[in-house]
Amino acid sequence: MKPVDDRSAVRALVRPLAQRDQDLHARVWAQVEDLPVRRAGRAWLFASAAALLVAGAVLLGLALRSEPVLDRALDSEHGWDAWSPTATLDLTWQGRGQLSGTATAPVVEWRSGSLSLDLEPGTADLRVRTPEAEVQVVGTAFDVTRDALGTAVLVDRGAVRVRCAGQAQVVELGPKDQHLCLPTTASGLLGRSRLLRERGEGRAALEAAAAGLSLEGSEAVRAELHALRVEVYLDQGHSEQALAEARACLDQGCGGREAELRRTAAHLALSLEGCGAVPLLRSLAELEPEEARWLAHCEEAP
Amino acid sequence: MTLSAPDPHQWRAAVSGERAARQELLRTWLPVVTDWCDRLGGPSVDAEDAAAEVAVLLLTRLERIREPERLPAWLFTTTRRVLWRHRQYAWVRRWVPGATVERVDPSRDPLALSSSRQTVARVRALLEQLPARDREIIVLCDVEDRPDSEVATLLGIPKNTAKTRLFRARRRLRALAEAEGVLPSLHLMDGGGS
């Protein structure tokens with residue numbers, strides 16, 4: 001066996017670096033995609049110089065602070081464990097997230113599950129962020145729960161300010177107040193509407209799915225939202241609305257749900273419109289015996 | 001992987017300030033620059049900030065790059081300068097009393113701290129111990145798999161110099177990896193090399 005040469009050894013060693021960090025690429029693109037694209041003028045140069053000066057001052061200020069930096073993963077393995085990053089802040093959680101920042105300006109990036117915080121008033125500028133909300137804590141005890149319904153904030157005592165993603169309005173919450181920030185993506189709203197349907201809250205499920213359809217989303221997600229609305233209308237016995245929803249989906253492209261929704265629409269049209277269902281029956285890839293009988297019957301009719 | 005110069009028509013449109021052409025230029029080159037920042041910057045440099053800075057420089061100095069053929073080499077040299085400056089900032093921060101400035105990483109996810117990331121971190125730490133010119137040639141040739149002629153153009157050196165530099169850089173990196181016991185077990189019999 002020949003010894004391995006330097007080229008092969010080094011290539012094998014550095015191979016893991018060849019994989020692109022997709023998150024990094026997305027973040028960089030988000031930073032630069034809206035940059036001014038005209039040639040730089042004097043104003044841009046002055047603005048850049050001012051921004052650099054400010055950034056330098058901020059960096060120096062940060063560097064001169066002697067606070068320890070917080071960096072801790074909050075993961076589900078800890079269960080309802082209690083842990084205090086500072087003498088004045090208590091965290092308990094079930095779910096996962098990340099604690100960062102400093103003792104006087106801690107930041108919790110919360111991904112999913114429930115988080116309870118108890119902060120002594122005036123001791124830190126604590127922020128909790130989820131994809132749907134940013135909670136600024138004035139000094140309080142409160143819970144943040146993130147699930148398919150969105151991000152819910154429940155204040156036990158004290159006060160917090162909540163700003164839902166995509167909204168300028170800041171909501172101030174006092175003791176026992178509760179606020180919910182809804183998902184902000186079509187797929188997030190699909191998750192919310194599914195959960196609402198499971199809970200029997202049909203009307204709210206319909207609204208959430210409609211909100212999802214009003215946003216940009218892939219064809220697959222849009223098809224699922226339409227299909228969910230059809231199912232909820234059927235749960236409620238509203239056949240006409242279910243048929244209209246199924247037709248709307250078929251008109252716009254229903255992805256993987258197309259065959260199923262075409263059949264549902266054909267059956268609904270048969271019961272509501274009789275032979276008006278012929279175009280839908282004809283468009284089915286395969287006819288079941290009952291459907292074939294109906295089609296033959298309608299085509300023989302004068 | 002080969003870098004090709006922008007189409008002359010698109011280039012002229014971008015230089016004259018046409019929005020769509022400039023966006024297209026960024027869309028093509030930003031991923032390349034981001035990879036360079038990520039792979040060459042080392043742990044002390046924020047690759048996101050460095051790549052964004054190079055993008056700003058590209059958009060504001062486009063007209064200074066006289067021919068589109070020179071864009072790849074211009075971008076590499078600019079990335080190298082930006083990374084050098086960011087390394088200096090990081091070095092200064094290290095010696096100023098107080099905390100190290102750390103950005104909140106929105107993508108940081110406890111579940112993502114997998115063993116593959118640890119491997120990447122170990123390889124990055126090894127590369128960090130090499131001189132900058134060794135690190136650059138290893139990244140361009142062995143990570144990004146670029147041909148010798150392109151690497152020579154990007155670095156602004158003759159092709160034979162690039163080959164010699166690569167030979168020495170590989171030898172140094174291998175020695176470091178062996179000394180630290182991080183060389184992967186290989187079962188290769190072939191002894192070829194470029």
Side-chain angles (χ1 to χ4, degrees), chain A residues 1-29 31-33 35-40 44-45 48 56 58-60 62-69 71-77 96-98 100-102 107 109 111 129, chain B residues 17 19 22-23 26 30-31 34-35 38-39 47-48 51-52 55-56 59-63 89 93 96-102 104-111 113 116 119-120 123-124 126-127 138-139 142-145 167 170-171 173-174 177 182-184 186 188-194:
Chain A
M1 191 163 76
K2 281 188 201 171
V4 176
D5 63 297
D6 290 343
R7 177 180 183 268
S8 306
V10 166
R11 284 185 163 241
L13 178 71
V14 299
R15 193 174 299 133
L17 292 185
Q19 195 166 359
R20 273 199 167 152
D21 183 343
Q22 296 298 349
D23 286 341
L24 171 67
H25 280 258
R27 291 201 303 276
V28 173
W29 182 250
Q31 271 202 46
V32 305
E33 68 173 327
L35 281 175
V37 294
R38 290 279 161 198
R39 271 187 260 185
W44 170 245
L45 282 177
S48 304
V58 169
L59 280 176
L60 189 63
L62 283 172
L64 291 173
R65 287 165 74 167
S66 56
E67 286 183 86
V69 172
D71 182 11
R72 184 185 165 104
L74 309 173
D75 60 46
S76 54
E77 287 169 18
R96 62 194 181 92
Q98 177 78 26
S100 57
T102 60
V107 177
E109 302 275 350
R111 309 276 175 208
R129 295 186 190 130
Chain B
R19 184 185 177 85
R22 289 195 161 210
Q23 286 272 323
L26 266 190
L30 192 59
T34 305
D35 282 340
D38 189 27
R39 291 163 183 164
E48 184 182 339
V56 172
L59 290 182
T60 53
R61 296 183 181 173
L62 206 53
E63 60 274 15
Y89 294 154
R93 282 204 303 269
V96 173
T100 309
V101 178
E102 187 186 79
V104 175
D105 181 353
S107 70
R108 182 175 271 166
D109 182 331
L111 296 181
L113 298 173
S116 67
T119 309
V120 169
V123 178
R124 281 182 199 278
L126 281 178
L127 281 176
I138 292 279
V139 165
D142 290 334
V143 178
E144 301 188 348
D145 209 14
F167 175 81
R170 280 175 176 158
R171 182 142 288 184
L173 181 58
R174 183 179 186 173
V182 290
L183 207 59
L186 296 174
L188 299 170
M189 311 296 144
D190 156 15
S194 66

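Nothing here was measured: the structure is a model prediction, and the numbers come from that model. All chains are named by letter (A, B, ...) in the order of the sequence lines, taking the proteins before the strands, and each is independently numbered beginning at 1.
Judged purely by atom type and a 3.5 angstrom limit, B:Arg39 uses its side chain to pair as donor or acceptor with the backbone of A:Ala18.
To the nearest 0.5 angstrom, A:Arg20 atom CZ is 10.0 Å from B:Asp38 atom CG.
In plain terms, the two heavy atoms of B:Leu173 and A:Val14 that are nearest each other are CD2-CG1, 4.0 Å. What you find for A:Leu17 and B:Arg124 is that their closest heavy atoms are CD2-CG, 3.9 Å. When all heavy atoms of B:Leu126 and A:Leu13 are compared, the pair lying nearest together is CD1-CD2, 4.0 Å.
Using a cut-off of 4.0 Å between Lys/Arg side-chain N and Asp/Glu carboxylate O, B:Asp145 and A:Arg11 are scored as salt-bridged.
Counting heavy atoms from C-beta on, the side chains of A:His25 and B:Asp35 come closer than 4.5 Å.
The part of B:Ala177 that comes within reach of chain A is its side chain, from C-beta onward, which places non-hydrogen atoms under 4.5 angstrom from that chain. Contacts between B:Ile138 and chain A at a heavy-atom distance below 4.5 Å involve the side chain alone, from C-beta outward.
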